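Data block below; observations after.
Worth saying up front: this structure is predicted, and the values here are computed from it rather than measured. Numbers here simply count residues along the sequence, with the first being 1.
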Amino acid sequence: MKNLSFKEEILQGIPEELPKTKEYDPAVNHAPKRKSVLNNEEKQLALQNALRYFNAKHHKELLPEFQQELEEYGRIYMHRFKPTYKLYARDIAEYPGNSVQAKAIMLMIQNNLDSNVAQHPEELITYGGNGAVFQNWAQYLLTMQYLAKMQDDQTLVMYSGHPMGLFPSHENAPRVVVTNGMMIPNYSKPNDWEKFNALGVTQYGQMTAGSYMYIGPQGIVHGTTITVLNAGRKISKSGEDLKGKLFVTSGLGGMSGAQPKAGNIAGCITVCAEVNPKAIKTRHSQGWVDEVIDDLEKLAKRVEKAKSEKEVVSIAFEGNIVEVWEYFEKHDIYIDLGSDQTSLHNPWAGGYYPVGLSFEAANELMTKNPEEFKQKVQESLRRQTAAINKHSEKGTYFFDYGNAFLLEASRAGAKVFKDKDGNFINSETTEEGMETWAYPSYVQDIMGPMCFDYGFGPFRWVCASGKEEDLDKTDKIATEVLEELRKDSPEEIKQQMTDNIQWIKGARENKLVVGSKARILYADAEGRMKIAKAFNDAIGKGEIGKIILGRDHHDVSGTDSPYRETSNIYDGSRFTADMAIQNVIGDSFRGATWVSIHNGGGVGWGEVMNGGFGMVLEGNKASEERLKSMLFWDVNNGIARRSWARNKEAIFAAKRAMQMEPKLKVTIPNLVDPALFDSK
């Protein structure tokens, strides 16, 4: 087979001539082996599903290879077909194609699979243990080929990683529409994902993995920084900052890897436990964590020193988080802030590692004896919760970080509830039958009332040129817009504006970029629209290259998640998913370049529905019209829903939005006097 150029290899798609098999690289951080869930008949179906991507003349040769992958990994990844070129976000001009918008999407897909960005790049998993861009390499090859051939009056339809094909549409339609894990409700439990993913007919897109909008751990650093800063403000006794205060958490994977960097920016001491040495090595080499310690006694001494000297430092502990909580409690090391960001949406397949087992032994047990592994995970969760409860009684402020920690701990029988006297219990209801979690979700206490209800969320942009100078210019543009907006900001949102300006000014020195030249900034609808317009104007003047806009799904209106994004919705509607679906439909006809809707997200399959978008700014009038129409809706859809739930901050935001846009008419709730329900 002759050597092809980068463009030629993309245009080729699935090669007519089979490439050579590729050797397994043990140095790469691979996905854990999935448990065997298919019977013999289903395995044959999975193999037929995989082989349909290839000419029948190759089936005989590929069958035993795919069969071996299915047996060895529990999935068919088609490693042989991984492209020979390096995957990373190139300058948009380097991609083949007829559509600028399609080229931008290719850039974002490759960023998601960059080995410096993705958690398990060989298995096409970006983060969260199972957040996949595609199910296999054939899907990647075919998708890139379609995008390279796409015209601006076509739309690519993506079914859980599978490119269904290019369909005629029009230039104002999305170039790509993505769905991931859209299951019939009665088939949306974790075991259903295991089975249907193994069959090759669905996938877990997480949030920004399957929607091509992941920008490395920076994507969550800003939100994590805001969370830690405001958690610090909650425990502050006299307005003091976080210097000398200790934040203990766990997880250094894709999203959780942001925690130590956020701790540094917030100004505290951070201890983040991680069992996977490869994940620690990655984050340490990237400068996202300052120090690595693998001994509890040394860790305790280092923390005591940092406390006494009021250092700002982040420490990765190579070991199990349960041991840290227990050791610190036994040796009376006070923890000011505590949380957890292991992937507990995926507890039985590598998302959480139980105490008492080595990393290697746990990986072996989860596939050889999944029931015993589950028991050990639940025992570990009970131990972890017991230790956290002891710290809590000493004054630690612990919050659920939206990773399903409290949910899975409750299912394990851990004492994560409180009775009417404030005692920790493992029953999830009081005598009145109401849930009484012992700890708040961070959305309930911090992000919901302070950010989401006011319309502030994780707005993102990527410089399609890949140039550092373009990123610097966009930082400057965004800062100028925010400083101008702050002058007339109402008191209710001045703190948010100030935090955002401080963040963007320190973005470069904090070395946040991993992968694409991207930035994240918490902004409301007005901020997003004005920043985007300023970018579009600068593109039109030739001052910067094209910009790709997006956001995390963890936002004001993209996600319906009763234990995270919408956990502060108190009108009984937090288990409904109308908002996320309306969000994606509305973005589609208001100008998004691509849209996505996923089952799963950060808290588990069947537990959440979340939608995202991408938008390419080309510096013209059409881009300006799209950004104004779509960004306004994308935020205010969520504000309207939160307002209707009687969230007072959202009612304020909805009324303010109507003053800004006369054509907006939001249904405002009539508040009921609680005294009407007082017993007589």
Check against side chain to side chain contact (heavy atoms under 4.5 Å, CB included), Ile10 and Met106
CA-CA 10 Å; Ile10 285 180; Met106 286 192 272; 4.3 Å; yes
Kindly state whether the ring of Phe452 and the ring of His554 have centres lying under 6.0 angstrom apart.
yes
Cationic N near anionic O, under 4.0 Å, [X] to [Y]:
{"X": "Lys533", "Y": "Asp537", "answer": "yes"}
{"X": "Asp587", "Y": "Arg626", "answer": "no"}
{"X": "Glu624", "Y": "Lys628", "answer": "yes"}
{"X": "Asp475", "Y": "Lys505", "answer": "no"}
{"X": "Glu468", "Y": "Lys473", "answer": "no"}

Would Asn620 and Ser623 count as a side-chain hydrogen bond (donor to acceptor under 3.5 Å, both in side chains) here? Give the steps.
CA-CA 5 Å; Asn620 53 30; Ser623 289; 3.0 Å; yes
Regarding [X] and [Y], is there a side-chain donor-to-acceptor distance under 3.5 Å anywhere?
{"X": "Glu123", "Y": "His30", "result": "yes"}
{"X": "Asp634", "Y": "Asn583", "result": "yes"}
{"X": "Thr270", "Y": "Ser314", "result": "no"}

Does [X], at its [atom1] atom, have more than 12 non-hydrogen atoms belonging to other residues, nucleotides or ligands within less than 6.0 Å?
{"X": "Lys278", "atom1": "NZ", "result": "yes"}
{"X": "Lys22", "atom1": "NZ", "result": "yes"}
{"X": "Glu8", "atom1": "CD", "result": "yes"}

Note, Phe54 side chain near Phe81 side chain (heavy atom, < 4.5 Å)
yes
Quick check: do Gln110 and Tyr95 have side-chain heavy atoms less than 4.5 Å from each other?
yes
Among Ile226, Ile520, Thr479, side-chain contact (heavy atoms from CB on, under 4.5 Å) partner for Trp503:
Ile520
Between Ser516 (side chain only) and Val462 (backbone N and O only), is there a donor and an acceptor less than 3.5 Å apart?
no
Check whether any side-chain N or O of His553 sits under 3.5 Å from a backbone N or O of Met207 as a donor-acceptor pair, and report yes or no.
yes
Relative to Trp137, does Arg75 satisfy both conditions: NZ or CZ under 6.0 angstrom from the six-membered ring centre, and within 45 degrees of the ring's axis?
no
Would you call the rings of [X] and [Y] parallel, tilted or perpendicular, taking 30° and 60° as the class edges?
{"X": "Phe459", "Y": "Trp461", "answer": "tilted"}
{"X": "Tyr85", "Y": "Phe6", "answer": "perpendicular"}
{"X": "Tyr353", "Y": "Phe359", "answer": "tilted"}

Test salt bridge (charged side-chain N to carboxylate O under 4.0 Å, His left out) applied to Lys517 and Asp91, step by step:
CA-CA 10 Å; Lys517 295 295 183 289; Asp91 181 337; over 6 Å; no
List the steps and the verdict of side chain to side chain contact (heavy atoms under 4.5 Å, CB included) for Asp153 and Glu171.
CA-CA 5 Å; Asp153 59 355; Glu171 63 179 14; 5.7 Å; no
